2 protein chains.
Amino acid sequence: MKHQVDANTEQVILEAAEKLFLEKGFAMTSTTEIAKAAGCNQALVHYYFRTKEKLFEAIFEKKMRTFVAPFLQNSDNNISFEERLTQLIEAHFDLLKENPKLPFLVFNELLTNPTRLESLKGKLAVIPQTVLSKIEKDLKAEVEKGTIRPISAFDLMLTILSLNVTLFLTAPIFRSINNMSDENFDNFIENRRRENVIIILRSLKP
Amino acid sequence: MKHQVDANTEQVILEAAEKLFLEKGFAMTSTTEIAKAAGCNQALVHYYFRTKEKLFEAIFEKKMRTFVAPFLQNSDNNISFEERLTQLIEAHFDLLKENPKLPFLVFNELLTNPTRLESLKGKLAVIPQTVLSKIEKDLKAEVEKGTIRPISAFDLMLTILSLNVTLFLTAPIFRSINNMSDENFDNFIENRRRENVIIILRSLKP
DNA sequence: ATGTTATTTAATAACTCTATTAATACGATA
DNA sequence: TATCGTATTAATAGAGTTATTAAATAACAT
C-alpha cells in the first residue's frame, strides 16, 4: 500500500468516491471500498470527510449543479430561436454524454432519500423560476410571431430532459441486450442526438 | 406479535417486500424491515424465500413483465395506424401511472447490478425482436403510403419510453419543488398524457 | 537535530444485516 | 388422543459497516 505523497489525497479520495457513487449509488458503496479505490486506509476517508454522508454531499451538490447547468447559461444572441433551442438541446445532450451516469445518481438519491430532496429544495427551487421565466418570455414572443404553437416552458424543458436523460439512462441496458460494439453504440448515440432535436423542433410547430 | 393464521403469509411478505423495494430499492431495504411491514418474524422471510436475493427476483421478474407489457399486446385492428399508436402510448402511460415507482426499480437494479441485467438478457432479448419487427412492418407500410417519415421502430419505442418514463420518474421531484396539491399534480399528469401523444405523432409526420 | 503539526495507519467499538438453527405452537389426520 | 408436518419464533453466528481512537510516521520550520 503506497503512500499518496505527491497527489492531494483528499482529492484522490473525492474522485474515487465520485466514481463509485456514480456506478453503484450511495447505499451500495462502502467507505472501505472507496479507500481501497483511492489507495489509502479506510480511516483516512473519515479523517478528511468525517462521515460518508458528508463525503457524498460534497460530491452530490457539485454534480447537481452540473446536471442543470445547460439550462442556466443564457445564450444572448442574434441567432434565431430555433437555433438557440437546438444549441440548448445539444448542450444538454453533450453534457450527459460526458456524464452518462449522472442521471442515475441524481434520480436514485432524490427518489430514495427524501431528506436529500428536502435539503436541495431550497437551493434548486430558485433555478427553475429564473430560467423558466426567461424561456417563457422567449416562447411567448415566438408564439406571437406565429412561429410556434403555445406551450409552457416547463413542458418544453421536461420534453428535452425526457429525451436526453432516458437515452443515457437506458443506453447501457440496450447496449448489453443488443450486444453493440463501441462503434455501433456511438452511431446509436449520435443518431439519437439528431433525432431528439428533430422531435422537439417538430413538437413546437404551430 | 400476532400469528398470520388466516391470510397467506407468503403473499403478505411478498406484498410488503414489493412495496418497500419499489420505494427504496434493493440495497436500502432489509429483511428485518420487510418482516416488520408484513407483521411477522424476520426468520419467516427467509423461511419462505430462502434469501433476500431470491425474494427480490420473484418480485422483479414479475414487475419487469408488467413494465414491457403494453409493447407486447398486439392490437389487431381495423383502426388507423395513428389511432393504434395513440392507444399504445396511452396504454403505456396508464400502466406507469398505476405503477409510478416501477421505472425507478427497473433502472436502479438493471444499472447497479450487472448480474441482474445478465440474467434478464436471455428472457428479454426475445421480446424486442418479435415486437419491434411487427412494428417495423407497420411503419414501413405507413412510410410507403406516405403518411409518416421513415423511422426505425426502435427509435419510436425509445421516444415513447423516454417521454412516459421520465414523467413518472421526475414527478415526485417536481411535485415537491413546486409544492403541488393533489389536484395540480393530477392536472399536470393528465396534461402530459396529451402532450406526449402530440409530440410523438408530430415527430412522425412526413 | 528537535519540536511541532499534519497525515496515515492499525485496532477496535458499536452496530446492522443476512442467514441458520433449534425449539415451540398449530392443526389436521390417523 | 397421540402423532406428524407445517408455520412461526427467539437466539445467535458470522460477516460487513461506519466511525473513533491512539499510536506511528512524514513533513517541515526553526
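All values derive from a computational prediction rather than experimental measurement. Below, chains carry the letters A, B, ... as their sequence lines are ordered, and counting in each starts from 1.
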Nearest to the side chain of A:L44 - C:dA10, C:dT8, D:dT9? C:dT8
Locate the shortest heavy-atom distance separating B:T29 from B:K52; write the atom from each residue and the value. O-NZ, 2.7 Å
For the pair made of CE in B:M28 and C1' in C:dT16, what is the distance, rounded to whole Å? 13 Å
So, does A:H46 get its side chain near the phosphate of D:dT18, meaning an N or O under 4.0 Å from OP1 or OP2? no
Looking across every strand, which nucleic acid part, if any, lies under 4.0 Å from B:Y48 by heavy atom: base, sugar-phosphate, or nothing? sugar-phosphate
Between P of C:dT7 and CD of A:Q11, the distance in whole Å: 14 Å
Nearest to side-chain heavy atoms of B:Q42, which nucleotide of C:dT18, C:dT9, C:dT21: C:dT18
Proximity to the side chain of A:R50 - top-ranked nucleotide from C:dT18, D:dT20, D:dT18: D:dT20
Need to verify one output field. Residue with the more 5' nearest nucleotide on DNA chain D, A:E53 or B:Y47? B:Y47
Report yes if at least one side-chain N or O of B:T9 is closer than 4.0 Å to OP1 or OP2 of D:dT8; otherwise report no. yes
Charged N to carboxylate O under 4.0 angstrom, A:K101 versus A:E18? no
Distance in angstrom units between B:F49 CZ and C:dC17 P, rounded: 20 Å
Go through D:dT18, D:dT9, C:dT9 for me and flag the one nearest to the A:N41 side chain. C:dT9
Identify the residue among B:F174, B:F93, B:F67, B:F185 that makes a ring pair (Phe, Tyr, Trp, His ring centres under 6.0 Å) with B:F168. B:F93
Please state how far atom CD1 in A:I34 lies from atom P in D:dT17, giving the value in whole angstrom units. 11 Å
Quick one: pull up CG in A:N196 and CD in A:E90 and give me the separation to the nearest 0.5 Å. 10.0 Å
Separation of C:dT16 atom C1' from B:K52 atom NZ, nearest Å, is 11 Å
Within this structure, what is the CG-to-P distance between B:N8 and D:dT6, rounded to whole angstrom? 15 Å
Interatomic distance, A:F56 CZ vs D:dT17 P [rounded to whole Å]: 18 Å
